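Written below as structure tokens is the structure these notes are about.
Computed from a predicted model, the values in this text were never measured in an experiment.
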Amino acid sequence: MAQPFYITTTLPYVNADPHIGFAMELIRADAVARLHVLGGYDVFFNTGTDEHGLKVYRKAKEQHVDTQEYVDGLAQKYKDLIPALGVRREVNFIRTTDARHKQAAAAFWDKVKANGFIYKKSYSVKYCVGCELEKTDSELVEGRCPLHPVQELELINEENYFFKFSAFQQRLLDLYEQNPRFVVPDFRFNEIKAFVARGLEDFSISRLSTKMPWGVPVPGDPDQVMYVWFDALVNYISAVGWPEVVDSFDRWWQQTGGVVQYCGKDNLRQQAAMWQAMLMAADLPPSKTVVINGFITGDGGLKMSKSLGNTIDPLELVGEYGTDALRYYVLRELTAFEDSPFTTEKFKESYNANLANGIGNLTSRILKMATTYGITLSEEDKKTSYYTPALVGEIVTTYDLSKKMSEIWQKIAMLDEHIQRTEPFKKIKVDPEAAKKDVYDMLKNLFEIALMLEPYLPETSVTIQNLIKENKMPEKPLFMRK
RNA sequence: CGCGGGGUAGAGCAACGGUAGCUCGUCAGGCUCAUAACCUGAAGAUUGUCGGUUCGAUUCCGGCCCCCGCAACCA
């Protein structure tokens, strides 16, 4: 039986439509999943939606719709990303409002509680009367609400359950020590190590259900619901069957050595520290790797926001340029781990240069000669795979997909250059045999490029492979110039 | 001294102790198989700043300036 591999994205929070940052995460995780499939692994790929919590509850109220109805609508939009972004159809889509997940979250709570890592404590929240909202310290400016600076904040005491995060400092540091590639890239790893080394505070994991009913009920305490993070993180194990589907959990969590998690840099703490401590508290093994993406910013590195009007809708781009165009840009042009600015101008420029003029045009020129001169690839040269387990292993030591894409485009450039140098279209008139041999080699190389592209641009890869197999010119350009 | 990232040709990025590369854009030439695509060549950077180490620094060390995130729950 093939070796199992488990990869997941974070579950995006459904308080807004899908945005380009999550599209990037999903596409990258999909590329890694596809790489493993091609490398012969048995792959479980997980994504879904995080649907509980105050923000969702409020948003639904604002729009005067039933909360469940509201999250159903958004969950569907996230689900629609899967075909739009060319994500494997076999992907598992979990919703934190699924009954199975809620049961798992409750079981997880019980387990952690039984192990002595959950306790009740009075907790004071800061409340701005002006906003009629609770405020976190990070929202305050000099201890005051920036919107109502003249009003004093009220302190409201409430009892919440807390998770004994502080008990896991040493064990987390040991985990990091023993797994030198636990967090990728290394500068994020350093960041979380330093954070944990500085000392940890227990954090609240429940809310009063009178104030916020939209969550998983705390087992045995009808007055409280789980804080959204606590419930959402459990999805990584509930998705693979924890606790009751023992075989499945064993295969995907134990035999794989844990999950590979993709997330944004704002999720570093939650994924690389809090979640790992939660797993320890439930006597479960840790994740395998946490890969931290940078953010996509607007022009000039500005934060993307609706108010600035510089947001990018991934579905709009796909509608205009196609799925693989977006995949290409996200995988190749956006830096692997740093923040990357995204503008439609840059996108279009890169599309024209590398897809239309690059692989698209190359395919046309080679196939034109091949079809005209009647050259087809031998069965032997129509290999079916390029990726080996060893190669896949090498790629995931760094998760730098952009580098791998660049190598493919180097090969494309070399082929263009080779055509120019050997000029088979001239040679055909004086030395047809030699010209045909040249074109055969080109066809073979193009086929290999198609195979190399498979995890990244699956649609394009298959199209090129089929054109070569059927010895046909593309009916229309693979990527129309824009 | 809260934590972290960054300042390199017009733009976006790379390199990392040995005379600074790539992509886009610009200019000149070539080719005609191809999606006015492709190939070649050229112009364009005192690598934020000051100082140190060194035979030699963009690369190592220190000071300073500027940008951007995070600062306990927003991909």
Side-chain angles (χ1 to χ4, degrees), chain A residues 9-13 15-16 18-26 50 53 55 136-138 165 185 187-188 190-192 194-195 198 200-205 227-230 232-233 262-270 273-274 292-297 299-305 332-335 337-343 345-346 348-350 352-373 402-403 406 409-410 412-413 415-428 435 438-439 442 473-474 476-482:
Chain A
T9 67
T10 44
L11 302 193
Y13 195 59
N15 64 342
H19 58 98
I20 188 77
F22 179 66
M24 169 172 83
E25 184 177 320
L26 191 54
D50 174 7
K55 283 188 188 167
T136 62
D137 285 340
S138 59
F165 193 33
F187 62 85
R188 293 288 171 219
N190 291 338
E191 201 174 327
I192 195 65
F195 170 74
R198 247 176 278 136
L200 302 174
E201 282 175 31
D202 296 349
F203 56 86
S204 153
I205 53 170
Y227 183 61
V228 58
W229 270 108
F230 195 84
L233 288 166
Y262 256 86
C263 70
K265 66 179 187 181
D266 56 335
N267 254 256
L268 176 63
R269 286 176 190 181
Q270 290 85 330
M274 290 157 67
I292 313 285
N293 281 318
F295 280 173
I296 294 179
T297 65
D299 200 7
L302 289 171
K303 199 166 180 167
M304 261 190 197
S305 72
R332 166 103 194 270
E333 302 287 4
L334 299 178
T335 57
F337 305 112
E338 306 283 351
D339 290 357
S340 308
F342 193 116
T343 63
E345 292 75 31
K346 285 283 294 176
K348 186 175 164 183
E349 193 177 286
S350 170
N352 281 329
N354 299 298
L355 294 176
N357 302 348
I359 184 65
N361 181 55
L362 180 69
T363 302
S364 292
R365 62 196 302 210
I366 291 178
L367 279 169
K368 174 67 178 186
M369 292 188 280
T371 53
T372 309
Y373 311 155
S402 150
K403 208 167 188 169
S406 293
W409 259 263
Q410 261 170 35
I412 291 170
L415 252 187
D416 264 326
E417 196 186 318
H418 186 66
I419 296 173
Q420 186 63 36
R421 222 182 21 245
T422 53
E423 300 185 312
F425 44 87
K426 272 188 186 168
K427 210 188 270 181
I428 193 77
D438 287 343
V439 174
M442 288 162 194
M473 268 292 281
K476 60 178 172 54
L478 256 48
F479 296 98
M480 194 71 80
R481 256 188 87 83
K482 298 274 182 183

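Comparing B/C31 with B/C39, their P atoms are spaced 16 Å from each other, to the whole Å. To the nearest whole angstrom, the two C1' atoms, one in B/G12 and one in B/C65, are 24 Å apart. Between B/G21 and B/U26, the two P atoms lie 23 Å apart (nearest whole Å). B/A11 and B/C50 are spaced 29 Å apart, taking the C1' atom of each and rounding to whole Å. Rounded to whole Å, the separation between the C1' atoms of B/U47 and B/G7 comes to 10 Å. The separation of B/C27 from B/G48, taken at their C1' atoms, amounts to 30 Å, rounded to a whole angstrom. Rounded to a whole angstrom, the distance from the P atom of B/G56 to that of B/A15 is 26 Å. A distance of about 14 Å separates the P atoms of B/A20 and B/U59, rounded to the whole Å.
Rounded to whole Å, the distance from CD on A/Glu201 to C1' on B/A71 is 12 Å. Remark: C1' of B/C70 and CD1 of A/Ile292 are 13 Å apart, rounded to the nearest angstrom. The CG-C1' distance, from A/Leu11 to B/C73, rounds to 16 Å in whole Å. Separating the CZ atom of A/Phe342 from the P atom of B/G12 is a distance of 16 Å, rounded to the nearest angstrom. Rounded to whole Å, atom P of B/C73 lies 12 Å from atom CZ of A/Phe203. Rounded to an integer number of Å, the gap from CD of A/Glu349 to P of B/U23 is 13 Å. If you measure from atom CD of A/Gln410 to atom C1' of B/G21, you get 12 Å, rounded to the nearest angstrom. Following rounding to the nearest Å, A/Glu345 (CD) and B/G10 (C1') show an atom-to-atom distance of 16 Å.
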Find every protein N or O atom lying less than 3.5 Å from an N or O atom of nucleotides 3-7 of chain B, and list the pairs.
residue: B/G4; atom: O2'; partner: A/Glu191; partner atom: OE1; Å: 3.3
residue: B/G5; atom: O2'; partner: A/Glu338; partner atom: OE1; Å: 2.8

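Listed by chain and number, the residues in a side chain to side chain contact (heavy atoms under 4.5 Å, CB included) with A/Ser402 are A/Asp400 (sequence neighbours excluded). The salt bridge (charged side-chain N to carboxylate O under 4.0 Å, His left out) check on A/Lys403 picks up nothing, with sequence neighbours excluded. Looking at residues two or more places apart in sequence or on another chain, you find a side chain to side chain contact (heavy atoms under 4.5 Å, CB included) between A/Ala23 and A/Leu85, A/Pro314. With sequence neighbours excluded, the residues satisfying side chain to side chain contact (heavy atoms under 4.5 Å, CB included) with A/Asp416 are A/Leu362, A/Arg365, A/Ile412. Evaluation of the ring pair (Phe, Tyr, Trp, His ring centres under 6.0 Å) rule for A/Phe425 yields no partner, not counting sequence neighbours. Taking A/Glu191 as the reference, A/Arg188 meet the salt bridge (charged side-chain N to carboxylate O under 4.0 Å, His left out) condition, with sequence neighbours excluded. Here A/Arg198 pairs with nothing under the salt bridge (charged side-chain N to carboxylate O under 4.0 Å, His left out) rule; sequence neighbours left out. Partners of A/Asn354 by side chain to side chain contact (heavy atoms under 4.5 Å, CB included), not counting sequence neighbours, listed by chain and number: A/Tyr328, A/Arg332, A/Glu333, A/Ser350, A/Trp409. For A/Lys427, the salt bridge (charged side-chain N to carboxylate O under 4.0 Å, His left out) partners at least two apart in sequence or on another chain are A/Asp438.
Taking the side chain of A/Lys55 as heavy atoms from C-beta on, and the options B/G12, B/C74, B/C73, the nearest nucleotide is B/C74.
At a threshold of 4.0 angstrom between heavy atoms, the contacts of A/Glu333 with the nucleic acid are absent. Nucleic acid contact for A/Gly21: base, since at least one base atom lies under 4.0 Å from a heavy atom of the residue. A/Ser204 comes within contact range of at least one nucleobase, with a heavy-atom separation under 4.0 Å.
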* Asked: Where does RNA chain B pair, written as one dot-bracket string 5' to 3', with Watson-Crick or G-U pairs under 3.5 Å, ( ) inside the strand, [ ] for crossing pairs and | for another strand?
  -> .((((((..((((....[..)))).(((((.......))))).....(((((..]....))))))))))).....
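Rounded to the nearest 0.5 angstrom, A/Phe203 CZ and A/Gln270 CD are separated by 8.5 Å.
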* Quick one: what's the B/S/- string for nucleotides 32-42 of chain B, heavy-atom cutoff under 4.0 Å, read 5' to 3'? -> SBBB-SBSS--
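Listed here is the closest heavy atom pair of A/Ile292 and A/Pro185: O-CD, 3.6 Å.
The shortest distance between side-chain heavy atoms of A/Met473 and A/Thr372 does not fall below 4.5 Å.
At least one donor-acceptor pair under 3.5 Å links the side chain of A/Glu25 to the backbone N or O of A/Thr10.
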